[in-house]
Amino acid sequence: MPELPEVETVKRQISPAVKGRTILSIESKDSRNIKKISFEKFKQLVSGDKILNIERRAKYLLFKLKSGRYMVVHLGMAGRVLLKPDKYVKIIFNLSGRKKLYFSDTRLFGKIWLYDKYPELKLGPEPLEKSFTLKKFKELIKSRKGNIKIILMDQKFIAGIGNIYAAEALFLAGIHPKRRIESLTDSEISKLYQGIQKALKSGIMHKGTSVTDFVGAIGEEGKNQNYLYVYGRKGKPCKKCEGSVDKITLGQRGTYFCPKCQHML
DNA sequence: GAAGAATCCTGAACGC
DNA sequence: TGCGTTCAGGATTCTT
Ligand SMILES: [Zn+2]
């Protein structure tokens, strides 16, 4: 599913093709992904506007428009932003220069909103920003109580980490996913800080993890699934020890880990 | 504030 | 081949 690295990949892939282009018209096969306003209203407001820039914040894509409005896209689980259509296209943006941008979604968990100005999204810090220091991470950790994996996936705690990268970051840090955040030692917090960044950077470097639905802007699969340590590898040998990867359910989510590498205490 | 569960939604994978 | 069942889960919302 799309998390920070996948959304970043899409942003990088579509930006050169759509930046500076005018949205001439918009077509819809199913407009249920458009939230807050009707498709008619959306079409009326966005048509004729120009895409100045695309920014990623957490798992959101923010299209900055010349009017000052922002079109905000969240891919949910299976949402796609494409330069080439697939069979699940819901919205088509006809752009100047004969380009087209497609929004596709199978499960309709993806969302599109239109904001009058830069949206105030309730999100924690970006884990790959330089301002996200180990010191700040430690302060954040100390401010919360509860299960570490669930908190890592809380967008108000840190932005952009979902089920795949939470599992990978915890593996890299040697922390069992059932651990409580209060129980982490200073050394483990440092390892987790490194693990988060390493897992996310690996995802971006390999252009996303295509383990379920994710594909890039022209429908191509990412490569990061080949570099995962635990996610989706139940019963397979651990890449760091002689044990094998286990799977449990935690917070209604499938949670993969190595019982030998990831410690409870 | 935290924990747990329900909700949305439908294609893919699986079992017979 | 086809039908029914199970599974995938990000974010929100509700209850405890
Ligand atoms: Zn291991």
Have a look at A/Val81 and tell me which of A/Val18, A/Val7, A/Val73 forms a side chain to side chain contact (heavy atoms under 4.5 Å, CB included) with it.
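That would be A/Val73.
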
Counting only heavy atoms and a strict 4.0 angstrom limit, can you tell me which residues of residues 109-128 of chain A come near DNA chain C?
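Listed by number, they are A/Phe109.
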
In residues 146-155 of chain A, which residues come under 4.0 Å of DNA chain C by heavy atom?
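Heavy-atom cutoff 4.0 Å gives A/Met153, A/Gln155.
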
From A/Arg253 atom CZ to A/Met153 atom CE, the distance as rounded to the nearest 0.5 Å
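Nearest 0.5 Å value for the CZ-CE distance: 6.0 Å.
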
Boundaries of the DNA chain C segment in contact with chain A, non-hydrogen, under 4.0 Å
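Endpoints of the contacted stretch of DNA chain C: C/dA8 to C/dA11.
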
Would you find a donor on one side and an acceptor on the other, under 3.5 Å apart, between the side chain of A/Lys35 and the backbone of A/Arg32?
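Indeed, once roles are kept as given, a pair shorter than 3.5 Å links the two residues.
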
Main-chain N/O of A/Leu228 paired to A/Glu168 side chain as donor or acceptor, under 3.5 Å:
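Pair absent, no side-chain N/O of A/Glu168 close to backbone of A/Leu228.
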
Outermost nucleotides of DNA chain B that come under 4.0 Å of a non-hydrogen atom of chain A
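Range of nucleotides within reach of chain A: B/dA2 to B/dA12.
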
Base, sugar-phosphate alone, or nothing: which one does [X] contact when heavy atoms must sit under 4.0 Å apart?
| X | result |
| --- | --- |
| A/Met1 | sugar-phosphate |
| A/Tyr231 | sugar-phosphate |
| A/Gly254 | sugar-phosphate |
| A/Lys234 | nothing |

Donor on one side chain, acceptor on other, A/Thr255 and A/Lys247, under 3.5 Å:
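No donor-acceptor contact under 3.5 Å links the two side chains.
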
Between A/Glu8 and A/Gln13, a side-chain donor and acceptor under 3.5 Å
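Per modelled atom types, A/Glu8 and A/Gln13 side chains form no pair under 3.5 Å.
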
Sort and list the pairs that fulfil side-chain hydrogen bond (donor to acceptor under 3.5 Å, both in side chains) and have at least one residue in residues 93-105 of chain A, not counting sequence neighbours.
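side-chain hydrogen bond (donor to acceptor under 3.5 Å, both in side chains) check on residues 93-105 of chain A returns A/Ser25-A/Asn94, A/Glu27-A/Asn94, A/Asn33-A/Asp105, A/Asp86-A/Ser104, A/Asn94-A/Lys100.
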
If a pair satisfies side-chain hydrogen bond (donor to acceptor under 3.5 Å, both in side chains) and one of its residues is in residues 39-55 of chain A, list it, with sequence neighbours excluded.
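Qualifying pairs, neighbours excluded: A/Lys19-A/Asn53, A/Asp49-A/Ser67, A/Glu55-A/Tyr118.
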
Check whether the ring centres of A/Phe132 and A/Tyr193 lie less than 6.0 Å apart, and answer yes or no.
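Between A/Tyr193 and A/Phe132, which both carry aromatic rings, the centre distance is below 6.0 Å.
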
Can you confirm if the aromatic rings of A/Tyr70 and A/Tyr115 lie within a centre distance of less than 6.0 Å?
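So the answer is no for these two rings.
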
Decide, yes or no, whether a salt bridge links A/Arg179 with A/Glu188 under the criterion of side-chain N to carboxylate O below 4.0 Å.
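Salt bridge flag = yes for A/Glu188 with A/Arg179.
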
Between A/Arg144 and A/Gln252, name the one whose nearest nucleotide on DNA chain B is closer to the 5' end.
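Result of the comparison: A/Arg144.
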
Closer to the 5' end of DNA chain B via nearest nucleotide, is it A/Lys35 or A/Tyr88?
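On the 5' side of the pair lies A/Lys35.
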
Starting at the 5' end of DNA chain C and moving along, which residue's nearest nucleotide shows up first, A/Arg107 or A/Tyr60?
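Between the two, 5'-proximity favours A/Arg107.
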
More than 12 heavy atoms from other groups under 6.0 Å of NZ on A/Lys90
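Check passes, neighbour count above 12.
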
What orientation do A/Tyr229 and A/Phe171 show, parallel under 30°, tilted 30 to 60°, or perpendicular over 60°?
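Answer is parallel, since the angle falls under 30°.
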
